[in-house]
Structures are given as structure tokens and as C-alpha cells.
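Accompanying notes for the structure given below.
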Amino acid sequence: MVLQKAFRGLMTVNLRALRFASDPTELLGYLRDLEYAYESRAYPPIRSVDLAEFVGKEACHTLFLPVGHVRPGSTPLGDLTALAALAQKKRPKRIFEIGTFEGLTSVVFIKNSGTDTLVHTLDLPPSQDEIPRTQRSYSAHSIADPYVSGHLIDAFGVRQHVQALWGDSALFDFTPFYDQIDMVFVDGAHTEDYVASDSYHAFQCLAPDGWVVWHDCFTPQVLKVLKRIAHRTTVLHIQDTNLALAMGKPAVDLLDCLNRDGIR
């Protein structure tokens, strides 16, 4: 099974690499990132855990999963299932989400947490000129197709549990949320500098026993940041998902490191 997965992965890599054939510089950069990703998966400081063992078989009952609204670009069903189980386990009162997209994960968090859960969800506004943005954000933003931010929040009738926020996460003022949030979901721009900046703010926002959850944790630039974090505090990978998790406030030196590596 492991060899089959590795072979499928190599086939996918080779096919994806063909699009760089006319640009040797871009190809070399891609191959460097690819090498880093494979090395990181082979020798990670990130510990893998089974979801059922982590949440406990008695923790989750029926999970709410809006299966019909999963589409290309949204969070895959397996990851949604894990997020629903984590929400049921944690029962967070306040959640901060970086990256709203269509609101699918906001709905999952609300429907699988307590009845008094509040989700603060941050997204770029429909018009790119409505807010201050870093020049870096225009190239870091990875969603090419148009979408209506948070429309599923209204479709599932949970707007009263959501505070929609507009902003570039590198410039947004997170200070009102410092030490207040039970769970932060980091799913914004997937570049190294943005992930470092978002992770710094996520840890600052955490309540003492809060959790930070990252999506797309094996994307090469996301993984680079997670490896640095894992050298200073425990980072768990939820097996068979693209999710990583850290619990509690980290040491000050980690915050300093993330702050230095973020958007300048």
C-alpha cells in the first residue's frame, strides 16, 4: 500500500511538472519545494495521530457534514469530517477562522460545536480595493475562481453565530481577540510568509487551553512553517487528512520567530 501511494504520488508529480517545461527557473523552484516536502514527510518533527484515538470514540456522536456543498476548491470531505469531530471534542465557545471562502467550514464548526458557539471568520472583500492590502497579498491569494464569500452561512441559517470580518490577514488588527479564542483555523494564503504571519496571530489569539488547526499542512510552504513550529512546541498531524494541530500557548521564542518570518 505504501509503495502504491508513493508510485501514484510520483506519477502525479511528473505530470504536474510538465507545465514548467518552458520555464527552467520555475521548474527548479518547484523541484526544490518538492524535495523539501518529501524530506519533511520522511523525517518530520510532526507526530501523526489517529483521529478516533485523539478525540475518543465516546466524544463524537452524529456529525453534521454538508456533503452536497463540497466542490473543487473547498475543504475535502475527509478534512471536513475531522474538523467536525475536533469541534465536537473541543466544544469551542469562540472560533477564529482565517479564510472564509464559501463558509463551508464555518457551518461545520457551528453545527458540531455547542449551541452558543461564535465564529469570527476573516476573508478578503469582494472588491479588492475596499481594504488596505500588502502588495504581497495579490500574488499570495490562491483562489482564482470567483465565489460569494460566506454564502453557505446564510444558506444553513447560522448567520447569528457568525461575525464576518473583512481584511488582509497580514494587516488585520487581531489584538481585540488576543487570549480569547478557543480554536483558530488557519486556511488563508498558503505562502510561507503569510502562514508564518497567520500562525503568529493565531497563537496570540489563543486562550490558554486553545487549539490552532492548519489546513493543507503538506503544501510545501505551509509545511516549512509547521516544521519550525514543531521544533518548539508539539504539532500533531491528523492521519489521512491535510490537517495539523497544536494545543496551548507556545513559548515566547516561537512567537518571536514567527513574527520575524511573517510579512514585512
Side-chain angles (χ1 to χ4, degrees), residues 5-6 9-10 12-14 16-17 19-20 23-49 75-76 79 82 96-99 122 134-143 168-172 174 184-206 211-264:
K5 287 184 178 179
L10 288 171
T12 303
V13 166
N14 289 335
R16 288 185 62 192
R19 66 190 176 94
F20 297 112
D23 189 342
T25 302
E26 193 172 358
L27 175 59
L28 286 174
Y30 174 75
L31 292 175
R32 279 195 298 268
D33 279 347
L34 186 65
E35 180 183 16
Y36 188 95
Y38 273 90
E39 286 178 353
S40 299
R41 294 196 73 164
Y43 309 102
I46 300 170
R47 182 164 61 89
S48 221
V49 295
T75 304
D79 295 351
F96 199 108
E97 175 181 58
I98 301 176
L122 178 66
T134 66
Q135 191 59 39
R136 180 76 179 90
S137 73
Y138 292 94
S139 57
H141 185 62
S142 59
I143 301 175
D168 177 340
S169 64
L171 300 177
F172 183 78
F174 287 88
V184 182
F185 183 49
V186 179
D187 193 22
H190 289 6
T191 61
E192 183 177 359
D193 48 3
Y194 260 92
V195 176
S197 176
D198 290 347
S199 300
Y200 169 79
H201 291 301
F203 281 122
Q204 291 281 29
C205 289
L206 275 196
W211 295 357
V212 179
V213 181
W214 293 267
H215 192 227
D216 294 317
C217 64
F218 287 118
T219 299
Q221 294 194 49
V222 177
L223 189 58
K224 286 181 182 180
V225 178
L226 291 178
K227 284 193 71 177
R228 290 202 296 273
I229 294 172
H231 282 298
R232 293 173 172 85
T233 193
T234 301
V235 176
L236 304 174
H237 165 237
I238 308 299
Q239 288 177 10
D240 302 315
T241 76
N242 299 296
L243 299 170
L245 169 73
M247 296 177 286
K249 289 281 194 182
V252 173
D253 66 328
L254 172 55
L255 292 175
D256 289 342
C257 173
L258 292 172
N259 200 26
R260 288 195 304 270
D261 293 341
I263 307 296
R264 295 177 177 84

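FYI, the numbering just counts along the sequence from 1. Heavy atoms only: backbone and side chains are in, while hydrogens, waters and symmetry mates are out.
Here the closest heavy-atom approach between residue Ala202 and residue Val186 is recorded as CB-CG2, 4.0 Å. Leu243 and Ala82 make their closest contact through CD1-CB, 3.6 Å (heavy atoms, listed as atom of the first residue, atom of the second, distance). Nearest heavy-atom pair, Ser197 versus Ser169, reported as atom, atom and distance to 0.1 Å: OG-O, 4.5 Å. Shortest non-hydrogen contact noted between Val225 and Glu192 is CG2-O, 3.5 Å.
To the nearest 0.5 Å, atoms CG (Asp198) and CZ (Phe96) are separated by 9.5 Å. Rounding to the nearest 0.5 angstrom, the gap separating the OH atom in Tyr194 from the CD1 atom in Ile98 is 11.0 Å. Atom NE2 of His231 sits about 11.5 Å away from atom CG of Leu226, to the nearest 0.5 Å. For the atom pair Leu258 CG and His201 NE2, the distance stands at 10.0 Å (nearest 0.5 Å). For the atom pair Trp214 CH2 and Thr219 OG1, the distance stands at 14.0 Å (nearest 0.5 Å). Here CZ of Arg228 is found 5.5 Å from SG of Cys257. Values are rounded to the nearest 0.5 Å.
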Check against side-chain contact (heavy atoms from CB on, under 4.5 Å), Ile229 and Phe203 = CA-CA 11 Å; Ile229 294 172; Phe203 281 122; 4.1 Å; yes
Working for side-chain contact (heavy atoms from CB on, under 4.5 Å), residues Leu255 and Lys249 = CA-CA 10 Å; Leu255 292 175; Lys249 289 281 194 182; over 6 Å; no
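Evaluated for a side-chain hydrogen bond (donor to acceptor under 3.5 Å, both in side chains) with Asn242, the options Thr75, Asp187, Asp79 yield exactly one hit, Asp79.
At a threshold of 4.5 Å between non-hydrogen side-chain atoms, the residues Pro76 and His215 count as touching. Here the side chains of Val49 and Ile238 are in contact, with some heavy-atom distance below 4.5 Å. Looking at Leu223 and Ile46, their side chains come closer than 4.5 Å, going by heavy atoms from C-beta outward. Within the 4.5 Å cutoff, no side-chain heavy atoms of Leu122 are placed close to those of Glu97.
Side-chain atoms of Gln221 never come within 3.5 Å of backbone atoms of Thr191 as a donor-acceptor pair (strictly under, hydrogens ignored). With hydrogens and angles ignored, the 3.5 Å screen pairs a side-chain donor or acceptor of Ser199 with a backbone N or O of Val195.
A perpendicular orientation is assigned to the rings of His237 and Phe218, their planes being inclined by more than 60° (bins at 30° and 60°).
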